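In what follows, a structure is listed as structure tokens, so that the remarks can point back to it.
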Protein chains: 2
Amino acid sequence: MPRAVTVGLHAAIVAVTEEEPRVLTVPAGAVDRRVAALPFGPLDPDRHRTLELGLRAWVHEQTGMDLAYVEQLYTFGDRDRAVAADGRTLVLAVAYLALVRERQVAGHAAAWQGIYGVLPWEDRRDGEPQILRDRIRPALAEWVDAAPEDSVRRERRGRADITFGSGAAPWDSERVLDRYELLYEAGLVAESVRDREPAPHVVRAVSPHAGVGAPLALDHRRILATALGRLRGKLKYRPLVFELLPDTFTLFQLQRTVEALVGVRLHKQNFRRLVERGSLVEGTAQLEPDTGGRPAELFRFRREVLHERPAPGVGLPGLPGGH
Amino acid sequence: MPRAVTVGLHAAIVAVTEEEPRVLTVPAGAVDRRVAALPFGPLDPDRHRTLELGLRAWVHEQTGMDLAYVEQLYTFGDRDRAVAADGRTLVLAVAYLALVRERQVAGHAAAWQGIYGVLPWEDRRDGEPQILRDRIRPALAEWVDAAPEDSVRRERRGRADITFGSGAAPWDSERVLDRYELLYEAGLVAESVRDREPAPHVVRAVSPHAGVGAPLALDHRRILATALGRLRGKLKYRPLVFELLPDTFTLFQLQRTVEALVGVRLHKQNFRRLVERGSLVEGTAQLEPDTGGRPAELFRFRREVLHERPAPGVGLPGLPGGH
DNA sequence: CCTGGTAATTCTCAAAATGAGTATAATAAC
DNA sequence: GTTATTATACTCATTTTGAGAATTACCAGG
């Protein structure tokens, strides 16, 4: 009996508030009552003229939000990781990234959740996070050694080194998905345990403490990882940050927002130089007095750059110590 | 009556032979007998464990090829541009990019087709192509003026300027899809005429001379544009070119391949410097004598870079005249 | 009014990277 | 040999980085 295919539309809606990147979640309800989910719903070809319009409709329905910036991320369709409750319908997941200005919340049951609660190993603003040192690296080392064959061990070690950085290879902030997938494979996130359950259509809630970081429903943590990776990459050559900032902002606010997303600290003076030399912003005459020290000038995004240069992004001046 | 959804898997299989990027096509058969199609087939959730495996299966069946490098591009799902022959089934298209070494062809009815026959405005290796000057720019100017309102005219002019370059904005080789979509909207490619037919489920072949460049079946030219754009962008930070080259090659062959893909000429000495400094390649001791002048050393790709640097790509040293 | 404290903003300076050539080397054809 | 042709090596001025010092403008407290 041929299985059917249905298509789900999923949204990772990202904002940065108080120097913390957050994602909008809704109660997972029927899917899994222990964890939150990203807003999502099935594509209905009658009502939805395009995939993106379908996504917007679902998001509006579940969170009351009208999205501005929306971008398609990826379409997931592995049978092992996304099967409907009936056990025989394959559910494709078309994932989207949306950027919104800090909390134009959202009554409904929607809630903002810190992204680094879900992907705690991704925040290196205060150096390598505890959880990486104390739990992930040791567990990865175990996973490497657990392979029976030597060739597999070498291959695993190589992968761990590139994705999480090591002596030779530096930390690459964009490899968010690679890292999540590695943790999934190594059994370090709750989802890998869950998906391995013998009867995949029986929804079994797994203790949130089974793995590292807070799990989300379905494969939503994977989608979030995809979203963060894409966002980090694109920041450098598209003026996406401004979707997340208020109309006017100080350069330091801008920097803090970028740092929050990329998960590393940047060199202040050089960041300012890059932003100004790229003519991404223009000063308003106004000052923001509440800085704690000298007042900062308020800037606004210069939309014109879009017509001037091919790839206007913020660029990341390496942080003092980093390579 | 609710429409159904089916999912098609489509492959843009790219190779570079004789300094010309090509894409593998198959006869479109039932879909449209006048034009070629990319290899594609419906996702069958029974046989295909993942989307990518389904794609590989279809490609193998239609072309006899086993793909190595495969990457998902985008999922298209606009109702207006992709509806099944029955007129009521929405057909999602999940598009993939594959890279293969020059023609390990492929009996079957598959044939290689020059990409710049399909997207002729993308090849600027000998300067701005005729077709851009003689047909596209004038037609775009007309399209701009055809708008009744002034604001729309301004907006159209802006878009044309950014996507196709103009006084202020330079040519951005990566905006391949933007350019194709603009031509589609302006009615300059055959597909826009075809899709506007009153009864969209009646397949009407449109004269290939109705527009600029050789059309492909369905929305396959759009997929190809997506593929070329992605490839051009990714070249710079991932060592993709080597998927297209034989095991050993001269630096000039490497350069010609990159130029073929990006569609511009590069500065020879500086290209060599970038490639060597990036330690992307290592010399074999062998020489290639048939250069027409001094023999060139043969190089091979250093796979180790993948473990050393986060984003190893070739980098494009601006061509002499270009900005 | 003067004195720190705290940030914002401006400058400096050496070290790389880039753009654009020029010079030299190794072949093949005449 | 001489010449054409291409590979490879070197040069050099100009930008762009990375890193940090110096200066400026406000606040709070004496």
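Keep in mind the model is a prediction, meaning the values are calculated, not measured. Letters A, B, ... mirror the listed sequences (proteins, then strands); counts begin at 1.
One interatomic measurement links the two molecules: CD of B:Glu297 to P of D:dT8, which rounds to 7 Å at whole-angstrom precision. For the pair A:Phe271 CZ and D:dT17 P, the computed distance is 14 Å after rounding to whole Å. Going from atom NE2 of A:His267 over to atom C1' of C:dC11 covers 12 Å, rounded to whole Å. Computed from coordinates, the A:Arg309 CZ to D:dT16 C1' distance equals 14 Å when rounded to whole Å. The interatomic distance linking B:Lys268 (NZ) with D:dT8 (P) rounds to 8 Å, in whole Å. Rounded to whole Å, the distance from CZ on B:Arg272 to P on C:dT22 is 18 Å. Going from atom CZ of B:Arg256 over to atom C1' of D:dA7 covers 13 Å, rounded to whole Å. Between the CD atom of A:Gln269 and the C1' atom of D:dT16 there is a distance of 16 Å, given to the nearest Å.
The base of D:dT24 sits within donor-acceptor range of the side chain of A:Arg294, with an N or O pair under 3.5 Å. The base of C:dG19 lies close enough to the side chain of B:Arg273 for a donor and an acceptor atom to sit less than 3.5 Å apart.
Electrostatic pairing of B:Glu282 and B:Arg303 does not count as a salt bridge here, judged by no charged N lying under 4.0 Å from a carboxylate O. Classification of A:Arg302 and A:Glu308 as a salt-bridged pair holds, one side-chain N sitting under 4.0 Å from a carboxylate O. We find that A:Arg137 and A:Glu128 are joined by a salt bridge, their nearest charged nitrogen and carboxylate oxygen being less than 4.0 Å apart. Ion pairing between a basic and an acidic side chain is recognised when a charged N comes within 4.0 Å of a carboxylate O; B:Arg125 and B:Glu259 show no such pairing.
Under the side-chain contact (heavy atoms from CB on, under 4.5 Å) criterion, A:Arg159 pairs with A:Trp143, A:Glu155, A:Leu182, A:Glu185, not counting sequence neighbours.
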Donor-acceptor pairs are to be reported for all side-chain atoms of residues 237-252 of chain B against protein atoms at under 3.5 Å, with residues two or more places apart or in another chain.
residue  : atom : partner  : partner atom : Å
B:Arg238 : NH2  : B:Pro310 : O            : 3.2
B:Thr250 : OG1  : B:Phe252 : N            : 3.4
B:Thr250 : OG1  : B:Gln253 : N            : 3.0

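Using a 4.0 Å cutoff on non-hydrogen atoms, the parts of residues 274-285 of chain A near DNA chain D are A:Leu274, A:Arg277, ordered by number.
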